[in-house]
Amino acid sequence: MVVPLNPIIPKIRIRHHDPKVLLNQRIVVRIDSWPCNSQYPNGHYVRSIGPVHELDTEISAILIEHGISVSQTTQGFSAGSIKEMPINTPEQPWRPEPRELSKRRDMRRQIVFSIDPPNCQDIDDAISIREIENGRIEFGVHIADVSFFVQENSLTDLEARARGTTVYLSDRRFDMLPKVLSEQVCSLRHHVDRYAMSVIWTMDSEANVLNTWFGRTVIRSACEMEYEQAQAFLDGKNVVPGLETRLCKQLKPSVLLLAETMRKVRALRMANGALELESSEVKFKFKEQDGGIADIRSKKPLEVHGIIEEAMVMANAYGFIIDISSNLALANSLRDCETKSQGDADFVLLLKTMATMAMSEASYISSGSKPVHEYAHYGLALEFYTHFTSPIRRYADLVAHRQLMACLLGKVAQSARGAPEASDLLKNGSKMEQIAEHLNYKNRESKFAQKDSTELFQTLYVLQKTRNPAANGDDDSEEEVPFLEPGIISEIRENGFFVFVPRFGIRGPVYLKNNSGEVSIPLSVFNGSGSSSSDMSTENNLLVSGCEIDTDLITHITVKVPGKVMTAYPSGLSSIIQFRLFDRVKVALRLKKSHAHRHSIYMTLIGLDQATSTAGSVLGLGHGSRSFTKNDYRQKKQEKDPALVPLTERELIRGGQQQEQPVKKNTRKQQVLCPEELYQQTHTDRSLYNLMESFDRLRIIESSQTLE
């Protein structure tokens with residue numbers, strides 16, 4: 001019997017000539033059949049991945065789970081594909097061909113530069129900007145011309161199409177293209193000539209576009225700037241560390257003009273209803289000696305999973321009105337909340353992130369397969385939008401480049417011969433739809449793999465921080481070292497609340513009530529010792545049992561200790577503690593270990609974090625403010641409002657999602673049996689596996705695909 005990594009899938013029965021060699025190994029199994037009289041399905045052994053809970057093994061398991069191909073994970077390309085690549089060696093470096101140069105717009109005399117994270121290898125975009133006559137501005141974006149080197153339907157193209165995207169994990173990446181392209185010939189390195197696909201705008205002084213030019217160019221980047229270096233110019237510095245004084249003198253006017261122009265462009269887009277949204281992403285810092293995790297840093301200060309209805313309720317709790325009638329109305333509402341929140345950045349980011357999570361993920365479509373009014377990008381407030389700027393790591397951008405060139409060459413061909421030219425693939429609407437759906441799938445799975453990788457390294461970090469160096473013996477018997485972190489209450493539930501830990505970008509439930517219904521609270525909560533001590537005190541481990549809970553399920557949950565219980569504890573302790581939405585709390589991060597499945601992080605309450613003010617007090621939410629009562633809750637429950645139905649522990653862990661219950665009873669007898677019911681099979685709409693899978697898909701967040 002083998003235990004699947006996904007706990008939802010049952011054990012699988014397999015046959016093997018030597019089962020002992022499979023003990024404590026992650027293996028790949030294919031399910032062959034599931035007899036109707038068997039509790040377990042039958043399968044067969046495919047291959048071993050490695051010892052359980054080893055880093056490379058778990059990374060391989062993540063890649064297999066999300067359909068990342070073996071060729072991509074091994075960074076392999078066929079011999080035929082390698083033969084298609086340009087030659088670029090120290091003895092024979094690649095250089096542009098004179099015949100090709102004559103066909104391109106020469107931008108090598110202009111100041112072109114890139115701005116990327118430190119140590120970026122695949123530099124696929126660069127920028128140029130300058131003032132021209134009559135106060136106008138010429139602004140150019142130059143993208144690596146991958147389509148010149150990767151011909152449609154070539155072996156390299158077919159492999160890149162199958163991969164769909166470069167996969168970025170926490171400590172490594174798996175490229176879509178061979179490195180000779182992604183890191184060498186197509187990477188827009190400084191002081192070398194490179195082919196580019198460029199868009200050049202002519203703008204007036206207010207950043208209104210007067211003219212647009214598309215086409216192939218040749219550029220020579222003057223500098224590979226890092227974000228911090230560009231920011232130093234904006235902060236007023238004339239000389240930036242890492243750059244020569246002469247180069248700084250050239251670059252600073254361009255960077256300042258770029259910032260000024262982009263502020264105006266952004267203001268125009270925001271006026272049309274573009275949204276400022278948030279997501280949470282964490283960055284791992286690794287030790288140079290042994291490769292262990294030195295630290296976890298949050299790239300964004302706040303992340304909360306939620307739905308737009310919850311955002312509405314929470315905001316109106318604070319007297320705000322969120323208008324979702326259009327993207328412009330929503331953008332204005334969020335800006336109004338930001339103005340009224342009196343500088344509480346966490347609250348503002350919370351609302352923006354919840355708005356982000358409520359939206360459908362942007363997806364690729366083939367024009368012609370959808371009505372034109374569905375082309376718009378809601379969050380960006382753009383009528384038409386397509387990926388274009390990263391053909392090294394996204395196949396969709398490569399397709400867009402080919403489509404653009406087909407249009408440009410088609411105009412030339414039409415004027416010369418009377419008919420435009422385009423490849424059979426680009427003209428085949430059905431195949432383009434299939435490519436769009438395939439890329440949507442690969443993009444989603446890449447994000448799921450990135451998310452699982454992040455969670456894996458988070459658990460490894462918590463394991464490092466909680467392991468007692470003085471203890472010996474088996475890991476499971478070691479006494480844990482306390483690992484305390486501040487968090488923010490992001491959602492109230494009947495048996496506890498969700499806490500978000502900004503530093504790690506993780507969110508999880510904190511239970512005040514156990515499965516038997518008993519309410520137990522750490523003693524440190526009542527005297528505040530858990531919030532001021534960096535060490536785990538005895539009071540943090542001592543629980544006060546017999547408490548009572550009262551909650552409105554929306555804005556607060558109150559814990560009361562009856563007088564007869566208080567007599568058993570030191571005098572002077574507060575008998576009533578209220579936890580409010582957006583309150584800061586201190587939690588202990590702990591690790592739930594599993595032999596067959598992945599380890600997981602859970603939280604236990606330590607106390608209120610008194611070091612920072614609560615969002616409720618900042619926003620003026622007093623205890624006398626209007627809030628939902630128990631009667632409101634009961635009434636809502638009678639109205640079958642699924643958002644207010646108490647959740648089980650399993651549902652709470654799963655993030656508060658619920659499946660709608662049938663509205664009417666005894667309707668099944670009146671229905672014609674579907675095939676699934678006829679043969680006593682579970683319908684996909686009621687399948688627990690499908691339900692949990694859908695929840696897993698909903699939990700994924702939009703994140704940057706740039707590996708820093």
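In this text, all values refer to a predicted model and were calculated from it rather than measured experimentally.
A donor-acceptor contact shorter than 3.5 Å is absent between the side chain of Ser520 and the backbone of Leu543. Distance alone, capped at 3.5 Å, places no donor-acceptor pair between the Glu445 side chain and the Gly67 backbone. Of the possible polar contacts, one joining the Arg26 side chain to the Ala596 backbone as a donor-acceptor pair under 3.5 Å is found. With Gln458 contributing its side chain and Phe504 its backbone, the two residues share a donor-acceptor pair below 3.5 Å. Of the possible donor and acceptor atoms, none in the side chain of Ser453 sits under 3.5 Å from a partner among the backbone N and O of Ala449. With hydrogens and angles disregarded, no donor-acceptor distance shorter than 3.5 Å links the side chain of Asn443 to the backbone of Asn440.
Here the side chains of Tyr40 and Met1 are in contact, with some heavy-atom distance below 4.5 Å. Using a 4.5 Å cut-off on side-chain heavy atoms (C-beta onward), Asp171 and Leu55 make contact. Between Val52 and His595 the shortest side-chain heavy-atom distance falls below 4.5 Å. Contact of the Val559 side chain with the Ile576 side chain is not registered, since no non-hydrogen atoms from C-beta on lie closer than 4.5 Å. Put simply, the side chain of Val510 does not reach to within 4.5 Å of the side chain of Thr604, judged on heavy atoms. For the pair Val499 and Ile488, the minimum side-chain heavy-atom distance is 4.5 Å or more. Within the 4.5 Å cutoff, no side-chain heavy atoms of Leu460 are placed close to those of His599. Two residues are said to be in side-chain contact when any heavy atoms from C-beta on lie closer than 4.5 Å; Ser600 and Lys592 meet this criterion.
Between Phe448 and Tyr441, the distance from one ring center to the other does not fall under 6.0 angstrom.
For the pair Arg507 and Phe500, the NZ or CZ position fails the cation-pi test of under 6.0 Å to the six-membered ring centre and within 45 degrees of the ring normal.
Between Lys447 atom NZ and Tyr168 atom OH the span is 13.5 Å, to the nearest 0.5 Å. To the nearest 0.5 Å, atom CD of residue Glu548 and atom OG1 of residue Thr558 are 11.5 Å apart. Here the CG-CD1 distance, from Asp583 to Ile492, works out to 8.0 Å after rounding to the nearest 0.5 Å. Atom NE2 in His556 sits 4.5 Å away from atom CD in Gln578 (nearest 0.5 Å). The CD atom of Glu58 sits 11.5 Å away from atom CG of Leu63, with the distance rounded to the nearest 0.5 Å. How far NZ of Lys451 is from OG of Ser170: 12.0 Å, rounded to the nearest 0.5 Å.
Considering only residues two or more places apart in sequence or on other chains, Ile577 meets the side chain to side chain contact (heavy atoms under 4.5 Å, CB included) condition with Val525, Phe526, Ser574, Phe579, Leu608. The side-chain hydrogen bond (donor to acceptor under 3.5 Å, both in side chains) search around Glu65 returns Arg598, not counting sequence neighbours. For Ser575, there are no side-chain hydrogen bond (donor to acceptor under 3.5 Å, both in side chains) partners at least two apart in sequence or on another chain. Listed by chain and residue number, His66 satisfy the side-chain hydrogen bond (donor to acceptor under 3.5 Å, both in side chains) test with Asp452 (two or more places apart in sequence, or in another chain). Partners of Ser594 under the side chain to side chain contact (heavy atoms under 4.5 Å, CB included) rule, at least two apart in sequence or in another chain, are His597. Applying the side chain to side chain contact (heavy atoms under 4.5 Å, CB included) criterion to Glu54, with sequence neighbours excluded, gives Pro51, Thr57.
Within 6.0 Å of atom CD in Gln39, 12 or fewer heavy atoms from other residues, nucleotides or ligands are found, so the atom counts as exposed in its surroundings.
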Given the rule in the side-chain contact (heavy atoms from CB on, under 4.5 Å) test, do Lys593 and Leu463 qualify, once you have shown the distances and angles that lead to the verdict? CA-CA 10 Å; Lys593 297 181 181 179; Leu463 180 63; 3.9 Å; yes
side-chain contact (heavy atoms from CB on, under 4.5 Å), that's the test. Do Ile557 and Ile489 meet it? Break it down for me. CA-CA 11 Å; Ile557 183 169; Ile489 296 178; over 6 Å; no
From CA spacing to verdict: side-chain contact (heavy atoms from CB on, under 4.5 Å), Tyr461, Phe483: CA-CA 11 Å; Tyr461 186 67; Phe483 184 28; 3.9 Å; yes
Check the pair Leu484 / Val587 against side-chain contact (heavy atoms from CB on, under 4.5 Å), numbers first and verdict last. CA-CA 6 Å; Leu484 309 186; Val587 295; over 6 Å; no
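Shortest non-hydrogen contact noted between Lys11 and Pro41 is O-CD, 3.2 Å. Between Arg467 and Val481, the shortest heavy-atom distance links the atoms O-CG2, 3.6 Å. Heavy atoms only, all atoms of each residue included: Pro522 and Leu605 are closest at CG-O, 3.1 Å. The shortest non-hydrogen separation linking Trp34 to Pro10 is CH2-CG, 3.5 Å.
Contact check on Arg503 versus Glu485 returns a salt bridge, with a Lys/Arg side-chain nitrogen under 4.0 Å from an Asp/Glu carboxylate oxygen.
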